Each structure stands twice: as structure tokens, then as C-alpha cells.
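FYI, the numbering just counts along the sequence from 1. Just so it is clear, the model here is predicted, and its values are computed rather than measured.
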Amino acid sequence: MNAALPNDSLWLRCIERLEAELSDREIGAWIRPLRAIVSADQLTLLAPNRVVLERVRSDFLPKIQRAVSSLAAYDLHVSLAVGGVEARSPASTAAAPDAEEFSPFVKGRLDPRYTLDSFIEGKSNSQARAAGLHVASSPGNVYNPLLIYGDSGLGKTHLMHGIGNAIHGGRENARVVYVGAEQWFNQMVSAIRFGRQAEFKTYYRSVDALLIDDIHFLAGKEHSQEEFFHTFNALIDGRKQIVLTCDRYPRELDALDERLKSRFTWGLSVPIEPPEFETRVAILLSKADRLGIRLQEEVAVMVAQRIRSNVRELEGALHRLNASARLTGAPISPDFARVCLKDMFASYDRAVTLDNIKRTVANYYNIRLADLSSVRRTRTLARPRQIAMSLAKELTQHSYPEIGSSFGKDHTTVLHACRKVTELRRDDERLREDYENLLRMLTN
């Protein structure tokens, strides 16, 4: 049998493939903590503790095996064990969590692929990226804590890793730790179980930068919130950087301790919105370049027009195109993409219809559905009508005349509405917020 060798390249590619199937929280809490070694025909994934091992075995092992089989040059059987980076037998690590897990000398589990330079900036995320650059250049001194919030799949985790990698790059011996809130919770439970609370506290309170993903997972968990409250205070008092992500503005989390809500406002909270069309195209082209996929701009434009909800869906479409092209040997042309992604496109087309848009806008502005098609031109009705028309053009494949007919107007009225809303979104903050809220409601 060959000696066990690290195989980071294969495992990183597997993680990339799994990101198209799993949520950010699942990837951060259960997949990234695994370390891979390969020997002969076996890929062994080492989990930091038995909690992680059992969860991966029960929920994710078949998906991991499929990803490995599709990427490896030869057959590799995936097995699981508890251990550090050196190979161990399950018997030698059966009960206690790995000593490495809470060691203050271990670099945080940052993904080197995710950098601030590779984070595609657009209007939807420019404020968050700018804040990340400031934090990375002067950790602990500005925007502490930095909290990034938004729906799943919009790039929060990428940005967080980018900040961590930049901090570590600026100071090689900096202790930067990234952890998902669910993983942090499981580590705390494990520390209590094995009498290692002191090590747990020392580890997390002695870092230079603590990056915790999906902090909303702690809502309703009183003991975890209490522990994090004291860790938060210790790091802030020591001028150490804290970066958090959340799926919504923290004040909206009913089961989150008021003391934590208050402390989260000490620094800066910035949103990440669903990417606009231009950013979606740029993301697809950038990821295709990084993966070595030959993607025509025409194809990227078509996919970005049809898939609008989040970055993960775009990545999933790109991976599907690449896999199908490799299997068939066909180039990724517009016609090839239409056939390959027809079920994804169809699901989006069913989800967003003209009637659905009109109903959502009418409910949002508390007006009657019939008002959107009336001849009345009062501002309280004209503006929602224009927004509904603009949304219809952005979110559906209908032509200007078809949209106009649905609203009882001609195509020139729709064209004027789209131009007017584009102008107002640039200059009117309130209208821009309304439009983005409606976009989220219709595409999530």
C-alpha cells in the first residue's frame, strides 16, 4: 500500500462540487472541517470529533462519494475516521475530541480559494466588500464587529473567508479562526462532555480574529449565547477582530439575547443583496475562468437572465453545463445550454409569472390588484404600476407588448416605465429599497 499522502487539491475540488448541492451552513459546519488523506484506493476523511463524523456519515457520505468518483482519475473508496492531519485508526481516537481542535496554535480553517480579489463586486455587495477591505487592512480597529447579513447563497461566506485570508496574509503569525455557528455549538457541547471547557474558552478568546458563520443558528440556545457573549466581550476588550454572518438583520432575530443584539450594533452591519444582472454575468465568467471552463459570453448572459436568485444557483448551473459538456464532448453553446438547463429554466419561469408579480406588488403597496391595470394616474398607483412592469421585464421572458397587454397598456408605456424605474433606482433610496425587497420576495 502506498504511503498516506495529503490530497488537498482533490478534496478542494470535491468541496467545490458539493457547494452546488449543499447550503453554506452545511458546507461550513460539516464539510470544511474534514481533512483528506489518500492511500492506494482509499480516500480517508478525518473529522475533528465524533459528532462531525456521525453527521457526515448519516447525511453527506453518499454525496461525497459521488463527487469523489466523478473527479478522481481512478476508483477511490471514501471512508471516515476521527483524527488530525496524520492518519489514525478509528480505535485510537474513538471517544475524545482531537486535541488539535482547540489548540491555539492551529491556523483557522480558511478556504484559500476565497479571497477579496476573487469576490465579484456589484451594486448588490459593494458596501459589504468595502467594509471587508477596511477590516482586513486594520483588524480590530475599524468596524468591530463587522456583521454581514443577507439570504443564503449570496456570497457572505466567500467574503468572510476573503477577509480572514487577507488578515492572515498581512500578518503571517496572526491567529485567524473561521467556524460555523453550528460547528462552534457542537464543539462547545463536546468540550462540556469531556471536561475541556477551559481549553475551549482559551482557544476562542486568544485568537486575533474570530469569524463565525450563520450566527443566527445560536438563536434560542441560551447557554451558547451566554458563552459567546463572554467570548465576544473578551475579544472586543482585547481589540481583536470579530466578523459574523447572519441570514437577516440581527434585530429581527426574536430568540437572540438582547445583549448580543446590542453588541452587534457596536460595529457595522452591512447587507448583501441578490446580484443584479451585470454582476451575475461577471460571476459566471469569473468562475468559469477559474475552473478552466470555456464559457461563451452569450451563454453567460442567457443563464444570468434566467437564473436570478443567488450565486449558488448560478454555480450549480455552471457545474451542470461543465459536467454535461465533458460527458458528451459537446461545446457549451447557447443551444446546448438551453437543453442542459431546461428544467432549471422551467422552474424559474413557473415561479415568476406576470400574475404573481402583479399580486406581490399590489400586496406590498396595499392597493387593489385591479389598480395596476386602471387608467388612473395618481402617483400612489402609477409608481407601483411602473415597478410591476419593470419587474415583469426583468424577471420574465415576456416582450414589451405582452407585458403591456397584461396591464391594459401599450408597449411604449412599459418601455417608459422600465426606463423611469431604472432612473429612480439610481437616485431614490426609498424606491430602490422597495424594488430590492420585491425582487427578493419574487425570486426566493
Side-chain angles (χ1 to χ4, degrees), residues 6-38 42-49 51-81 108-115 118-119 151-162 165 178-183 186 211 213-214 217 245 247 283-284 286-288 290-293 307 309-327 340-341 344:
N7 200 327
D8 291 339
S9 177
L10 174 60
W11 181 232
L12 286 175
R13 288 164 61 204
C14 286
I15 293 176
E16 193 169 80
R17 181 67 59 87
L18 291 168
E19 285 174 336
E21 300 184 53
L22 305 177
S23 69
D24 286 344
R25 189 168 73 179
E26 290 171 328
I27 291 289
W30 306 109
I31 304 302
R32 292 195 193 284
L34 302 174
R35 289 294 172 265
I37 58 171
V38 63
Q42 181 163 291
L43 176 70
T44 302
L45 296 176
L46 300 174
N49 57 53
V51 172
V52 174
L53 182 144
E54 294 301 335
R55 178 65 181 273
V56 171
R57 174 175 288 147
S58 65
D59 291 0
F60 308 117
L61 188 55
K63 289 184 173 66
I64 293 173
Q65 181 66 71
R66 286 198 298 272
V68 170
S69 298
S70 68
L71 292 169
Y74 54 94
D75 289 340
L76 278 177
H77 172 70
V78 179
S79 64
L80 297 170
R109 297 184 175 101
L110 295 169
D111 191 325
R113 297 173 305 152
Y114 292 152
T115 67
S118 66
F119 185 81
D151 293 327
S152 177
L154 298 182
K156 301 187 300 296
T157 299
H158 183 151
L159 185 56
M160 175 177 273
H161 279 275
N165 283 317
Y178 164 85
V179 65
E182 187 171 2
Q183 184 185 359
N186 289 329
L211 287 53
D213 221 349
D214 295 329
F217 178 80
T245 71
D247 65 353
I283 288 171
L284 282 168
S286 174
K287 289 187 177 294
R290 185 166 57 81
L291 296 172
I293 300 172
I307 298 178
S309 59
N310 60 51
V311 178
R312 189 181 299 114
E313 293 283 352
L314 292 172
E315 289 179 332
L318 183 61
H319 287 306
R320 182 185 292 194
L321 287 172
N322 186 42
S324 297
R326 291 174 63 183
L327 287 171
C340 179
L341 302 177
M344 293 183 72

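- Residues I307 and L314 approach most closely at O-CD2, 3.6 Å, considering heavy atoms.
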Exercise for review: Carefully, step by step, assess L211 and L110 under the rule side chain to side chain contact (heavy atoms under 4.5 Å, CB included).
Suggested key: CA-CA 10 Å; L211 287 53; L110 295 169; 4.1 Å; yes

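- Between the S118 side chain and the Y114 main chain, no donor and acceptor come within less than 3.5 Å of each other.
- Judged by distance alone, the side chain of S70 and the main-chain N or O of A67 form a donor-acceptor pair under 3.5 Å.
- Looking at E19, K156, K287 one by one, the single match for side chain to side chain contact (heavy atoms under 4.5 Å, CB included) with V311 turns out to be K287.
- For the pair T44 (side chain) and L80 (backbone), a donor-acceptor distance under 3.5 Å is absent.
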Review point. Passes side chain to side chain contact (heavy atoms under 4.5 Å, CB included), R113 versus R290? Steps please.
Key: CA-CA 10 Å; R113 297 173 305 152; R290 185 166 57 81; 4.2 Å; yes

Exercise for review: Step by step, work out the side chain to side chain contact (heavy atoms under 4.5 Å, CB included) result for T157 and D111.
Suggested key: CA-CA 10 Å; T157 299; D111 191 325; over 6 Å; no

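- Interatomic distance, CG of N322 versus CD of E315, reported as 13.0 Å (0.5 Å rounding).
- Side chains of T115 and N165: a donor-acceptor N/O pair is absent below 3.5 angstrom, by distance only.
- The pair R57-E54 counts as a salt bridge, with a side-chain nitrogen and a carboxylate oxygen less than 4.0 angstrom apart.
- A distance of 9.0 Å separates CG of L43 from CD1 of I64, quoted to the nearest 0.5 Å.
- Note that the CG atom of L34 and the CZ atom of F60 stand 10.0 Å from one another [nearest 0.5 Å].
- The closest donor-acceptor contact from the side chain of R17 to the backbone of H319 lies at 3.5 Å or more, if one exists at all.
- By the 6.0 Å contact criterion, CZ on R326 is open, its count of non-hydrogen atoms from other residues, nucleotides or ligands being 12 or less.
- In summary, E26 and R55 do not engage in a salt bridge, as defined by a charged side-chain N under 4.0 Å from a carboxylate O.
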